[in-house]
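Order of the sequence lines fixes the chain letters, A, B, ..., with proteins taken first and strands second; residue numbering starts at 1 for each chain.
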Amino acid sequence: MFTRVEPGSASLSGGNVLDFEGSPVPFRSGDSVAAALLAAGVSPLRETPVDQSPRAPYCMMGVCFECLVEIDGRQNQQSCLTRACPGMIIKRQHGARTLR
Amino acid sequence: MSSLRDAIVIGAGPAGMTAAATLSEGGARTLVIDEQPAPGGQIYRAVERNSDNASLSAVLGSDYADGAALVARMRASAAELRFSTSAWRIDADGTVWTKADGKVERLQARTLVIASGAMERPVPVPGWTLPGVMTVGALQIMLKDAGLRPCGRLVLAGCGPLFYLFAAQCLEAGVSDLVLLDTAERANLIPALRHLPKAVFGHGPGYLRKGFSLMAALRRRGVKIHRGVSNLRIEGAERAVAASFRAGTHTMRIDLDLVALHEGVIPSQQIARSIGCAHRWNEEQQCFLPILDSMRETSILGVFIAGDGGGIVGAMASAHTGALCALAILKRLDKISDTEFASRKAVAQQALDAHLTIRPFLDRLYRPRDEMLVPADEVVVCRCEAIRARAIRDVVRRGCLGPNQVKAFLRCGMGPCQGRMCGPTVSAIIARETGQTPDATGYYRVRPPLKPVSIGELASQYEED
Ligand SMILES: Cc1cc2nc3c(=O)[nH]c(=O)nc-3n(C[C@H](O)[C@@H](O)[C@H](O)COP(=O)(O)OP(=O)(O)OC[C@H]3O[C@@H](n4cnc5c(N)ncnc54)[C@H](O)[C@@H]3O)c2cc1C
Ligand code: FES
């Protein structure tokens, strides 16, 4: 669905790799977590707790909250506002109808 | 550090950066926070990092690269800058609660400048919740932030300046299979033309020239454009695979890999609403705007709004509104004389006005179709709670006359996005059903936390106190 304007700017051989549900995902330094996941073809990112419909990041600017994931053990993180860091552990989030 | 600052600026886009630089150059102790990892706001996102990237700079154009000067000015000032820092609660007395890297802090200032910008107007059409449907702004963010461009067939559906700008940027970035579904209503043209005489003044002609050259570039490159598109529907089960629509008298269906929607931008209301700033419906921009005085102070003393958050004016004008807020604050703090205030205010106001001559024309030309503002029964309005327009109409007919009542009955607006995505549509549907004005209908009451805060994060604050 997405490709880099500069080919090869993210690869598994560099140090910039995060872990998504046990799989390695490369990123370019400066990527948000959501951008890295979309670039790696991860979709959907979550299901709504209400009707289990599949969802993926929509706005990429912190408005829609469709990008919520668990990052390094912390729930409800907006992955479009979080910069990807080497070694981050990202997990899909189940549940979480509200934020508190 | 919890000592009292002169001003806290929330948001480091063109408005917030100009306000912060003007404030601290004038001797006010200023703190800027932004939830993004770097300054720039939406238009100048990642501009510092991309400045030495020739290929991306060529794609994004000179209006984008120009933002680097403003970032440099703010950095050269004495303003304290905090990035990756969200404001999740703001009180009318100038208290700002922030969250950064899992830690909560309470900050205090004499005055606040809210420069939190705009969001894209929600585009509730059938299928808009499917993976593979994003906004045009979202794709532009991926380009600026991550150098990512769509591959496969990309459909852009919508209208407005940012829509055509991004289409042109896609071509520069090497997107080869691009189809535009232009939703602008032809009937808008005549009423819009009435505003054209005003647009010959100030920077109006410059904006018009840019618009025409964008359109010409799209035509020259042979981009497939369907005009007068209505009845847009995104199809797919697990993800978006096709769009069907009407163009003129034809009904069409096209396959796609990715589709992005855009019906212009509206102010982000969340912060101003949560503090209790008074709002009023604006017919031209088809959205609620905070009520501001000539120096952009809200109904709450000491709380100012700069930039697109106070009404859509564009990036250049946003910067000048930031200067106006800052001058008002400097005067209140006795940092500038009355004469200096008057002369600098006049300069900023004149610069601002020159950018506003084009707005009435643009607002009217790209007014969204009724079907996007008040969607059909089957369309999901509240994405978080998967609530359709039909359910909202049902409860209104059964006696729910305001957005907060609808929220209590249906839970719409109570999911993670806290009503950001459904608020405008819910108010519009209620107003249409009851025949009340938008002002009489009102909007969701917005309460903190504006951003997810965990108990652990809250505890981090008390440990420090
Ligand atoms: C996605 C998108 C893309 C756009 N692209 C262009 C473009 O290419 N060209 C153009 O001319 N116009 C563009 N615009 C229009 C844009 O609104 C500009 O007119 C301009 O960026 C407005 O400046 P601003 O300073 O008012 O707000 P913005 O530039 O939007 O800056 C607001 C800042 O506030 C921050 N913020 C918001 N809420 C919080 C919070 N709770 N805590 C901390 N920080 C917060 C945001 O992270 C952001 O950096 C775009 C708009 C959007 C929504
Ligand atoms: S993608 Fe919309 S909030 Fe992150």
Side-chain angles (χ1 to χ4, degrees), chain A residues 1-7 9-10 27-36 38-68 71-78 80-85 93 96-100, chain B residues 35-38 42 45-46 49 53 55-56 59 84 86 102 119-120 122 128-135 137-143 145-152 173-174 238-239 257-258 268 380 383-387 411 414-418 420-421 449 451-457:
Chain A
M1 222 174 18
F2 292 94
T3 181
R4 303 277 171 178
V5 173
E6 300 141 296
S9 55
F27 61 87
R28 192 189 79 150
S29 112
D31 283 4
S32 65
V33 170
L38 284 168
V42 172
S43 180
L45 193 52
R46 65 184 200 110
E47 290 177 346
T48 60
V50 198
D51 65 353
Q52 281 74 48
S53 61
R55 297 292 171 87
Y58 175 74
C59 74
M60 296 300 278
M61 60 171 284
V63 180
C64 72
F65 288 69
E66 297 287 11
C67 64
L68 291 182
I71 300 181
D72 291 338
R74 266 193 244 137
Q75 288 251 311
N76 287 324
Q77 303 299 306
Q78 287 180 283
C80 70
L81 295 179
T82 311
R83 212 172 241 191
C85 295
Q93 189 158 295
R97 268 175 80 119
T98 56
L99 290 179
R100 282 203 274 190
Chain B
E35 61 189 356
Q36 288 193 50
Q42 298 311 341
R45 196 173 251 276
R49 192 154 37 85
N53 183 326
S55 50
L56 263 185
V59 167
S84 299
S86 303
M119 60 178 263
E120 291 175 275
W128 73 309
T129 58
L130 286 169
V133 184
M134 298 177 77
T135 68
L139 297 190
Q140 196 202 37
I141 287 168
M142 295 185 67
L143 188 59
D145 257 0
L148 284 166
R149 68 161 163 85
C151 50
E238 286 301 301
R239 56 171 300 110
D257 295 297
L258 184 66
S268 300
V380 171
R383 299 173 60 107
C384 299
E385 296 287 321
I387 292 162
R411 288 191 56 86
M414 286 172 79
C417 94
Q418 295 161 303
R420 288 168 171 87
M421 296 298 294
K451 291 280 165 172
V453 181
S454 70
I455 303 293
E457 287 165 335

If I take atom [atom1] from residue [X] and atom [atom2] from residue [Y], how far apart are they, to the nearest 0.5 angstrom?
X      : Y     : atom1 : atom2 : result
B:E120 : A:M61 : CD    : CE    : 7.0 Å
B:I141 : A:S32 : CD1   : OG    : 9.0 Å
B:L258 : A:L38 : CG    : CG    : 9.0 Å

So do the side chains of [X] and [Y] get within less than 4.5 Å of each other, counting heavy atoms only?
X      : Y      : result
A:E66  : B:M421 : no
B:N53  : A:E6   : yes
A:M60  : B:D145 : no
B:R411 : A:V50  : no
B:S84  : A:R83  : no
B:R239 : A:S43  : yes

Which atoms of [X] are under 4.5 Å from chain B, going by heavy atoms: the side chain, the backbone, both sets, or neither?
X     : result
A:T82 : neither
A:R4  : both
A:R55 : both
A:L45 : neither
A:S53 : neither

Measure across [X] and [Y] and return the closest heavy-atom pair with its distance rounded to 0.1 Å.
X     : Y      : value
A:A35 : B:A146 : CB-CB, 4.1 Å
A:N76 : B:P452 : O-CG, 3.4 Å
A:T3  : B:C151 : CG2-CB, 4.0 Å
A:P44 : B:P131 : CB-CG, 3.9 Å

(message) Taking every non-hydrogen pair under 4.5 Å, which of B:G102, B:G174, B:A46, B:G152 racks up the most with chain A?
(response)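 That would be B:G102.
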(message) Only pairs of heavy atoms separated by less than 4.5 Å count here; which of B:L143, B:V133, B:I455 has the most with chain A?
(response)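 Counting heavy-atom pairs under 4.5 Å, the top option is B:V133.
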Taking side chain as everything from C-beta outward and backbone as N, CA, C, O, which of these in [X] sits under 4.5 Å from a heavy atom of chain A? Side chain, backbone, both or neither.
X      : result
B:L139 : side chain
B:R49  : side chain
B:Q140 : neither
B:M142 : side chain

(message) Can you tell me which of A:F27, A:F2, A:Y58 forms the most heavy-atom pairs within a distance under 4.5 Å of chain B?
(response)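 Answer, by heavy-atom pair count under 4.5 Å with chain B: A:Y58.
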